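Remarks on the structure that follows.
The figures here come from the full heavy-atom set of this structure, side chains too, leaving out hydrogens, waters and symmetry mates. Please read these numbers as outputs of a predicted model, since none were measured by experiment. Below, chain A is the first sequence line, B the second, and so on; all start at residue 1.
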2 protein chains.
Amino acid sequence: MSHAFDRHDHGTCIASALSAAEAACAGRGMQLTPLRRRTLEILLESHVALGAYDVLARLEAEGFGSKPPVAYRALGFLVENGFAHRIEGLSAYVACARPGSPHDPSFLVCRSCRRVAEEEIQAPLAPEAEAEGFAIERTVVEAQGLCPACRGRA
Amino acid sequence: MSHAFDRHDHGTCIASALSAAEAACAGRGMQLTPLRRRTLEILLESHVALGAYDVLARLEAEGFGSKPPVAYRALGFLVENGFAHRIEGLSAYVACARPGSPHDPSFLVCRSCRRVAEEEIQAPLAPEAEAEGFAIERTVVEAQGLCPACRGRA
DNA sequence: CGCCTCTTGTTATACTATAACATCCGCGCT
DNA sequence: AGCGCGGATGTTATAGTATAACAAGAGGCG
């Protein structure tokens, strides 16, 4: 299971995600520039999904550019390379909790605190796609609801 | 299986969806007004997902209001009542292919022609949610890729 | 040096969505 | 009839999300 909703040593999340990103970039000839690295660190600060404009505000406060493409390009890079994921149901972005291994991610998304737990599941539509001759390229699986903490608070 | 990618008698799709919507509205004391009915018919003309502004343009051309809330409210009504679904990955809307029975829908979405096939699957994250104490309220399952026709055309 | 690629930055604009308020219509009630 | 009420439709205005197109600097390499 994921640890988004648990007490856990979050420092290890951050460290392992950053070193996985560095290793992957080195291996593929991609550059984890200061902007991209800082963007990933901002997402890694919590398991909360952040909007592109939230990220942009943080970047601007730290001396990076202030216009939307700055954030969208950095987020796009992270998502393309598997270091972050886009949560479609929130139009928001979250750091990948399983860096390194390529995977088709699925998520438990809390509608109250926007915390996201990344899960590992089988491609759920493969047999249907096969039967219809449909070629799946990417699968979005997001369960929206309330995390344990927000349930208790209700 | 769904028939979105097949040759099929589309008239029966339209007729059964409209009569299911009429029956459901009558039973629940909701009104399937001309605007709402026409919006549903527009979605039903094909299995293609339409953006809210596409729908709005059609409605305006037919004498309805021209401002976004007109389309968003009609689409919201149809989605809330299960007569249509929102495709998160496209920010678009499609008529429900299984009107009548309440269901947690899942979709095969063609990125080229935007045609959508609605499928029936089990809630895929239930065990994980159970293990973490997460209360699922709604699940988004969308496979994006290429439908048979668009694969051939490539 | 000159050229190329990649990254970051900008301006401007497009696309998606909702809040707040106005009007109208049908219905039940007196 | 006259009134009040709820719901549907319409408006204006604005918020939130995203991208196209162009400018400029940094580094590698002939």
(request) Have a look at B/R36 and say if it touches a base, only the backbone sugar-phosphate, or nothing, with a 4.0 Å heavy-atom cut-off. (result) sugar-phosphate
(request) Between C/dT7, D/dT11, D/dA8, spot the one nearest the side chain of B/T33, thanks. (result) D/dA8
(request) Compare all side-chain heavy atoms of A/C147 with those of A/L108 and state whether any distance is below 4.5 angstrom. (result) no
(request) Counting heavy atoms from C-beta on, name the nucleotide in D/dG10, D/dA18, C/dG9 closest to the side chain of B/F64. (result) D/dG10
Counting only pairs under 3.5 Å, give me each side-chain donor-acceptor contact of residues 75-97 of chain A, with atom names and distances, residues two or more places apart or in other chains.
residue	atom	partner	partner atom	Å
A/N81	OD1	A/R28	NH1	2.9
A/N81	ND2	A/F77	O	2.8
A/H85	NE2	A/H103	NE2	3.2
A/H85	NE2	A/E118	OE2	3.2
A/R86	NE	A/E88	OE1	3.1
A/R86	NE	A/E88	OE2	3.4
A/R86	NH1	A/Y93	OH	3.0
A/E88	OE2	A/R138	NH2	3.1

(request) Using atom OH of B/Y72 as one end and atom P of C/dA20 as the other, report the distance to the nearest whole Å. (result) 18 Å
(message) Rounded to whole Å, how long is the line connecting atom CZ of B/R114 with atom P of C/dC15?
(response) 12 Å
(request) Kindly say if A/R38 contacts the phosphate of C/dT8, meaning a side-chain N or O under 4.0 Å from OP1 or OP2. (result) no
(message) Base of C/dA17, side chain of B/Y53 - is there a donor-acceptor contact under 3.5 Å?
(response) yes
(request) Whole angstrom is fine here: how far is it from CD in A/E88 over to C1' in C/dA17? (result) 16 Å
(message) Expressed as a whole number of angstroms, how long is the span from B/L56:CG to D/dT11:C1'?
(response) 13 Å
(request) Please work out if A/Y93 contacts a base, only the sugar-phosphate, or nothing of the nucleic acid, heavy-atom cut-off 4.0 Å. (result) sugar-phosphate
(request) Rounded to the nearest angstrom, tell me the gap between atom CG in A/L75 and atom C1' in C/dT7. (result) 16 Å
(request) When you get a sec, tell me which of D/dT9, C/dT10, C/dG9 is the closest nucleotide to the side chain of A/L35? (result) C/dG9
(message) What is the distance, to the nearest angstrom, from the CE atom on B/M30 to the P atom on D/dG7?
(response) 9 Å
(request) Taking only the side-chain heavy atoms of B/R73 (C-beta and beyond), determine which of C/dT10, D/dT11, C/dA17 contains the nearest atom. (result) D/dT11
(message) Distance check needed: D/dT14 C1' versus B/K67 NZ, whole Å only.
(response) 14 Å
(message) My understanding is that only residues two or more places apart in sequence, or in another chain, count here; which of them pass side-chain hydrogen bond (donor to acceptor under 3.5 Å, both in side chains) with A/R38?
(response) A/E41, A/E62
(request) Give the nucleotide from the list D/dA8, D/dT11, C/dA17 with an atom nearest to the side chain of B/V70. (result) D/dT11
(message) Rounded to whole Å, please give me the gap between CG in B/L59 and C1' in D/dT11.
(response) 16 Å
(message) Counting C-beta onward and ignoring hydrogens, is there a side-chain heavy-atom pair between A/C25 and A/R36 closer than 4.5 Å?
(response) no
(message) Assuming nearest nucleotide by heavy-atom distance, tell me which of B/P68 and B/Q31 is located more 5' along DNA chain D.
(response) B/Q31
(message) Is the distance from the ring center of B/H3 to that of B/H47 below 6.0 Å?
(response) no
